[in-house]
Structures are given as structure tokens and as C-alpha cells.
Amino acid sequence: MSTPANNDKYLDQTLRPDNWGDYIGQESIKNNLKILLGAAMEREEPPEHLLFYGPAGLGKTTLAHLITKEIGAQMKSTSGPAIERVGDLASILTNLSPGDILFIDEAHRLNKMIEEVLYPAMESGALDIIIGKGPSARTIQLDLPPFTLIAATTRISLLSSPLRSRFSGGTFRLEFYTEKEIQRIVARSAKILGAELAEEAAAEIAKRSRSTPRTANHLLKRCRDYAQVHGDGIIGIDSAAKALELLEIDESGLTANDRRILEILIEKFGGGPVGLQTLAAAASEEEATIGEVCEPYLLQLGFIERTPRGRVATPRAYEHLGKMAPHPQKPLL
Ligand code: ADE
């Protein structure tokens with residue numbers, strides 16, 4: 001029988017750490033947040049507004065939940081694209097209770113008009129609403145309860161600088177995890193799932209996890225399925241290796257789609273430079289998928305470089321795909 005705790009749909013929430021001790025890695029962020037939250041609690045004030053950025057799956061939402069729990073607050077959660085009109089934001093803000101955390105995911109997708117209503121709300125707890133149109137238009141100001149905005153984004157450069165400057169508590173960049181950290185994360189997850197996971201299998205999953213907890217937990221669940229269907233349910237190194245091979249995840253953690261994008265960059269565009277838009281069109285893929293899913297990890301591995309003229313495949317990418325890298329061109333005098 002499925003219960004919320006063992007149904008795959010609910011697993012991501014079940015695996016989410018809800019105390020600092022269980023939140024592995026990101027030491028500098030944790031240390032800074034502990035001070036900031038401790039001081040705010042001592043003063044009996046809501047913490048200042050916080051911005052988390054970095055590639056998807058590194059634990060930005062998890063941190064927001066952890067902070068909420070730590071200070072004993074309630075979280076209201078929304079996302080940039082969900083707030084279409086000023087009225088949507090006004091309704092969210094006026095429904096906050098004192099001390100609430102407002103979490104806005106994908107903050108780079110907030111439109112300009114929404115951002116402008118957000119500034120005074122963040123800065124002075126005031127909501128300016130314009131009533132009517134033309135010469136008879138009037139602005140009324142509503143006082144909001146004290147609250148903390150936590151925003152998360154994968155694309156900080158798309159946030160306007162006035163918005164960025166209003167995160168008075170700080171802007172924190174989440175880093176990719178080390179293999180050792182991911183190994184500890186999957187070992188913890190396996191325990192929660194009640195699955196037996198061999199140490200070498202945890203290491204293999206960590207190696208292929210793109211340095212990302214969300215991916216690691218996803219791979220762990222697929223390895224657990226494989227071990228259940230083809231073995232005795234114990235996730236050993238052999239069954240994990242077979243499950244990962246079936247998923248076409250290679251030893252660097254690249255998916256079949258990552259390798260296809262690299263192939264296209266090398267074969268169709270001579271290794272680049274090529275613009276993201278052109279590469280996406282050639283791969284029949286969305287720009288956002290390449291830019292936000294494939295590219296951060298390929299950059300991290302040093303398989304591609306971003307230059308002013310576009311993306312370039314590095315000799316490491318050629319080597320990984322078993323191809324000969326072209327000789328570097330001598331600069332023209
Ligand atoms: N799940 C997502 N991020 C995590 C982290 N940093 N530690 C443990 N589990 C996680």
C-alpha cells in the first residue's frame with residue numbers, strides 16, 4: 001500500500017532535511033544564516049530579506065523551509081510566474097500574518113510592475129495601490145505586517161539591481177556539492193527510505209549525480225527500483241552500476257541529452273563559439289533547458305566555456321566523447 005511517506009510523489013519532501021545537523025554541505029551559508037537568525041530571534045524581529053541563487057537542485061527551497069522551521073514561522077510559498085498581476089501580489093501580501101516567511105521561487109520571472117510594488121513592501125512594509133485611472137487616479141498606502149521575503153533564483157543576472165539591493169539580510173550563492181557530501185546525502189536518504197545501500201554504491205551514485213542532491217536522490221530511487229525488480233532489494237555496487245547504465249548516465253554524470261548537445265556543438269559548429277539560441281535551435285531543445293539544466297554542469301566540469309561570442313567546447317569535452325580536439329589556432333598578429 002502507498003502512504004505519503006513511501007509514495008514516490010511525496011519522497012522529495014520526505015527526504016528534505018529539516019534541521020541544520022541534517023543539512024549537509026554549504027557550510028559558509030549555514031554559518032552565516034545561523035548568526036543572522038539567532039540575532040533576529042534574540043531581538044524578537046523577523047529576519048531580514050534573503051536571496052538564494054545557484055543551479056537547480058542544490059537546496060534553495062530546502063533552506064527556506066529550514067529557516068522557517070528554525071524560527072518557528074509559517075511559510076507562504078509562490079513563484080515568479082504565478083504572480084501575474086499587481087492584484088495577485090497585493091492579495092498575497094495582505095494575507096500575510098506577522099512574522100510570516102514569503103517564499104518566491106523563480107524570482108527572475110517576476111515582471112517589472114510586480115517588482116516595483118515589491119520594493120516598498122520590502123523596504124518599509126508598505127503596499128502602494130493605485131486606484132482608478134487618468135487624472136482621478138489615487139494612490140493608497142496599506143501597512144503590511146512585518147514579514148521576511150526569501151527569494152530563490154537560478155538566474156540572478158536577470159533580477160533588476162534595485163530588487164537585488166533590497167535583500168538586506170544577504171545574497172547567498174549555493175555551490176555544487178563534493179562527492180563526499182553527496183555520498184553522505186544519499187546514505188541519509190537511503191536510511192529514510194528504509195533501503196540498504198552499500199558504501200560503493202553510494203559512491204557510484206555520488207560520482208554520477210552532477211554534484212546535485214536532487215539528482216542524487218533521484219538516482220538513488222531508480223537504483224532502489226532496479227535492486228527490487230532484479231535482485232534482493234539491496235542496493236549493491238553491481239545493481240547500482242546496471243541501473244545507472246540503463247539510465248544512460250555516464251561516469252561523469254552526463255545524460256544522453258548532455259552528450260547530444262556536446263556532439264552538436266562539436267560536429268555542427270566545429271566546437272563553437274556558437275550562441276545559445278542557435279545551439280538550442282539545432283538541438284530542437286528549449287534555450288532554458290540548455291541554459292539552466294545542461295550548461296551549469298558542463299561549465300562546472302570544464303567541458304564548455306562561455307565566451308562573448310558564444311559557447312565553446314573545450315579539449316576535455318572532445319576527450320570525453322572520444323574525439324580529436326582541433327589544434328589551438330595561433331593568434332593572428
Ligand atoms: N537535500 C537537498 N539538499 C540537501 C543537503 N544539503 N543535505 C541533505 N539533504 C539535502
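None of these values were measured; they are calculated from a predicted model. Scope of the values below: all heavy atoms of this structure, side chains included, with no hydrogens, waters or symmetry mates.
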ask   = Does the side chain of L262 reach to within under 4.5 Å of the side chain of L254, using non-hydrogen atoms?
value = yes

On a heavy-atom basis, the closest approach of F176 and P55 is CZ-CG, 3.7 Å

Heavy atoms of L220 and A190 approach each other most closely as CD2-N, 3.7 Å

On a heavy-atom basis, the closest approach of S160 and K112 is CB-NZ, 4.0 Å

message: Side chains of V117 and D128, heavy atoms from C-beta outward: is any pair under 4.5 Å?
response: no

Next on the checklist: Check for me, please, whether I192 and I185 land in the same ILVMFWY cluster - side-chain distances under 4.5 Å, paths through other members count.
Outcome noted: no

message = Looking at E245, I want to see if its CD is surrounded by more than 12 non-hydrogen atoms of other residues, nucleotides or ligands under 6.0 Å.
response = no

Quiz item: Under the side chain to side chain contact (heavy atoms under 4.5 Å, CB included) criterion, do R259 and D250 qualify, and how do the steps go?
Solution: CA-CA 9 Å; R259 293 191 296 276; D250 70 23; 3.3 Å; yes

- Item | CD/Q277: more than 12 non-hydrogen atoms of other groups inside 6.0 Å | no

Notebook entry, point to check: Would you say I131 has more than 12 foreign heavy atoms packed within less than 6.0 Å of its CD1?
Noted result: yes

Separation between SG (C223) and CD (Q228), nearest 0.5 Å, reads 12.5 Å

Pair Q13, H65 - check side chain to side chain contact (heavy atoms under 4.5 Å, CB included), show working. CA-CA 10 Å; Q13 280 171 44; H65 280 284; over 6 Å; no

Between Y23 and L58, the two heavy atoms sitting closest are OH-O, 3.7 Å

task = Taking the side chain as every heavy atom from C-beta outward, state whether V274 and K268 have any pair of such atoms under 4.5 Å apart.
result = no

Heavy-atom nearest pair, H49 first then L149, reads ND1-N, 2.8 Å

Q) In terms of hydrophobic clusters joined by side-chain contacts under 4.5 Å, are I104 and L63 together? A) no

* State yes or no: do L299 and L279 share one hydrophobic cluster built from I, L, V, M, F, W and Y residues joined by side-chain heavy-atom distances below 4.5 Å, directly or via other members? => yes

For a 4.5 angstrom cut-off between non-hydrogen side-chain atoms, does P213 reach I182? yes

In this structure, CG of L89 is separated from CD1 of I129 (nearest 0.5 Å) by 9.5 Å

Begin from the C-alpha positions of L159 and L51 and carry the test side chain to side chain contact (heavy atoms under 4.5 Å, CB included) through to its verdict.
CA-CA 11 Å; L159 253 62; L51 175 61; 3.8 Å; yes

task = May I ask you to decide whether R208 forms a salt bridge with E204, counting only side-chain N to carboxylate O separations under 4.0 Å?
result = yes

| query | Any side-chain heavy atom of K76 within less than 4.5 Å of one from T78? | reply | no

- prompt: Would you say R164 has more than 12 foreign heavy atoms packed within less than 6.0 Å of its CZ?
  reply: yes

With side chain to side chain contact (heavy atoms under 4.5 Å, CB included) as the test, would you mind laying out the steps for T68 and F103 before giving the verdict? CA-CA 10 Å; T68 307; F103 178 62; over 6 Å; no

Do Q26 and Y177 have side-chain heavy atoms sitting under 4.5 Å apart?
yes

Output for pair (T212 OG1, L174 CG), nearest 0.5 Å, gives 11.0 Å

Can you check whether Y318 reaches P326 side chain to side chain, under 4.5 Å on heavy atoms? yes

Worksheet item: Counting only heavy atoms not in E292, do more than 12 sit closer than 6.0 Å to its CD atom?
Response: yes

All heavy atoms of A243 vs all of R222, minimum pair found to be CB-O, 4.4 Å

Open item on the list: Between L50 and M41, is there shared hydrophobic-cluster membership here, with clusters defined by ILVMFWY side-chain heavy atoms closer than 4.5 Å?
Closed with: yes

Original post:
Can you tell me if CD1 on I130 sees more than 12 non-hydrogen neighbours from other groups inside 6.0 Å?
Top reply: no

Item to complete: Determine, step by step, whether D258 and T255 satisfy the side-chain hydrogen bond (donor to acceptor under 3.5 Å, both in side chains) criterion, reporting the C-alpha distance in whole Å, the side-chain angles of both residues, the deciding distance to 0.1 Å, and the verdict.
Response: CA-CA 5 Å; D258 296 325; T255 61; 3.1 Å; yes

*Atom CZ of R260: over 12 foreign heavy atoms under 6.0 Å*: yes

### Message
Counting neighbours of NZ on K34 that are heavy atoms of other residues, nucleotides or ligands and sit closer than 6.0 Å, is the number greater than 12?
### Response
yes

I101, L118: one ILVMFWY side-chain cluster at the under-4.5 Å cut-off?
no

Using a strict 4.0 Å threshold on nitrogen-to-oxygen distance, state whether K207 and E251 make a salt bridge. no

Is the closest side-chain heavy-atom distance between P81 and E106 below 4.5 Å? yes

